[in-house]
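Model, not experiment: these values are computed from the prediction.
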Amino acid sequence: MTVVKLMSRTAAVAPGKKGLLLKGCRTMIIESPLQLIFRDLFYRLPAFAGRHDVFLKLEGFNITGSIKVKTAIGLVEDLERRGIARPNETVLVESSSGNLGLALSLICAIKGYKFICVTDPNANRATLRGMELYGAKVIVVEDRDSAGGYLGSRLEKIDQILRSEPNAVWLNQYANVANKNVHAEQTANEIAREFEKVDWVFVGSGTTGTLAGVSERLRVEFPRIKVVAVEPVGSVTFGGRPGKRNIPGIGASVRPKLADLAKPDRVVAVNEERTVEACLSFVRNYHLLVGGSTGTVLAAVQQFAPEFSRGDTIVAISADLGEKYLDTIYDPAWVEKFIAPEDDRSAHTYASVLSK
């Protein structure tokens with residue numbers, strides 16, 4: 001049985017420094033990297049959306065740097081419970097633009113599985129190298145699919161692997177309800193424990209596992225909540241027109257089956273230039289590097305500011321932090337090369353209310 005030992009400690013700054021007294025800091029002694037999942041980190045952003053504070057749930061401090069470590073554990077343990085995956089025998093395969101692939105690489109290394117990650121050129125170099133160091137085999141597909149993305153091409157490659165490798169099992173984050181369930185049981189409950197009420201929650205939409213799980217559970221806790229799905233322009237998940245996208249971790253060129261379970265109240269699509277602007281603005285004003293999907297979510301929150309009422313509790317989920325993206329969304333040369341100029345709308349909202 002593993003134990004996390006916590007010891008209270010108060011730390012004070014050096015003489016002459018002002019305003020940085022850290023009260024109740026805790027020393028953690030861990031016995032597994034998987035104990036490094038921080039479930040109660042919320043960054044209060046004063047007056048972020050007009051006059052309204054926003055609570056940003058920070059998942060980027062988890063081991064492997066994102067919310068996807070929860071997904072990875074949920075997917076692998078689901079296969080184990082069903083007797084489908086056996087350590088030192090089964091080869092696990094998944095498609096990922098980065099974060100889930102990195103998380104699965106760690107989980108498989110700990111549990112004793114071989115892991116093959118099929119990814120694409122949008123995945124950043126640091127994440128690919130991390131997968132390899134954990135022991136994963138990384139396959140990068142170069143050809144875009146018919147919708148202008150890479151997901152279709154990645155899925156074709158997985159089909160080839162399954163036909164050629166008799167011990168291979170596809171985790172299938174796009175349709176496996178274990179993806180949804182882990183976020184209903186964990187991420188949503190972590191939010192519900194923190195707040196007496198939640199009026200709005202903003203969730204980036206990729207596989208829609210987080211979105212579906214959070215939506216399902218929080219509707220039980222807070223029946224009047226408005227769930228907003230956030231995706232990039234060019235994603236097809238909720239009826240958007242297909243288009244080329246360059247920022248990984250959000251959106252899809254093939255509609256995931258889990259999207260049928262998501263049922264958001266609103267859907268907002270944000271173009272990639274607005275995402276970059278939101279990330280840079282957040283660093284300047286709130287002093288934290290956030291990932292591209294977080295920038296997309298933050299841009300959506302600000303767009304909805306006129307609809308918030310006084311006293312509303314607004315929560316947004318930050319899937320990862322920004323250090324992995326220093327060579328992409330935080331690099332002016334990369335942005336100039338890959339991010340198309342903004343049209344006359346920084347973002348657009350689909351008019352339909354999808355859950356009604």
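Side-chain contact, D120 with S153: no donor N or O sits under 3.5 Å from an acceptor N or O. A donor-acceptor pair shorter than 3.5 Å can be found between the side chains of Y174 and S95. A donor atom on one side chain and an acceptor atom on the other are not found under 3.5 Å apart for N167 and K114. Remark: the T328 side chain and the N124 side chain contain no N/O donor-acceptor pair separated by less than 3.5 Å.
T237 has its side chain within reach of P256: a pair of non-hydrogen atoms, C-beta onward, lies under 4.5 Å apart. At a threshold of 4.5 Å between non-hydrogen side-chain atoms, the residues S97 and Y150 do not count as touching.
Partners of A300 under the side chain to side chain contact (heavy atoms under 4.5 Å, CB included) rule, at least two apart in sequence or in another chain, are F202, V230, V268, V270. Remark: E307 pairs with R266 by the salt bridge (Lys or Arg N to Asp or Glu O under 4.0 Å) rule, at least two apart or across chains.
The residues E194 and K57 are annotated as not salt-bridged, no charged nitrogen and carboxylate oxygen being separated by less than 4.0 angstrom. A salt bridge does not link K337 with D331: every distance from a Lys NZ or Arg NE/NH1/NH2 to an Asp or Glu carboxylate oxygen is 4.0 Å or more. Note on R44 versus D53: salt bridge recorded, some NZ/NE/NH1/NH2 to OD/OE distance being below 4.0 Å.
Between T119 and S96, the closest heavy-atom pair is OG1-O, 2.8 Å.
For the atom pair CG (L171) and CD (E94), the distance works out to 5.5 Å, reported to the nearest 0.5 Å.
Residue pairs meeting the ring-ring contact (aromatic ring centres under 6.0 Å, His included) criterion with at least one partner in residues 52-103, sequence neighbours excluded, are H52-F308, F55-F195.
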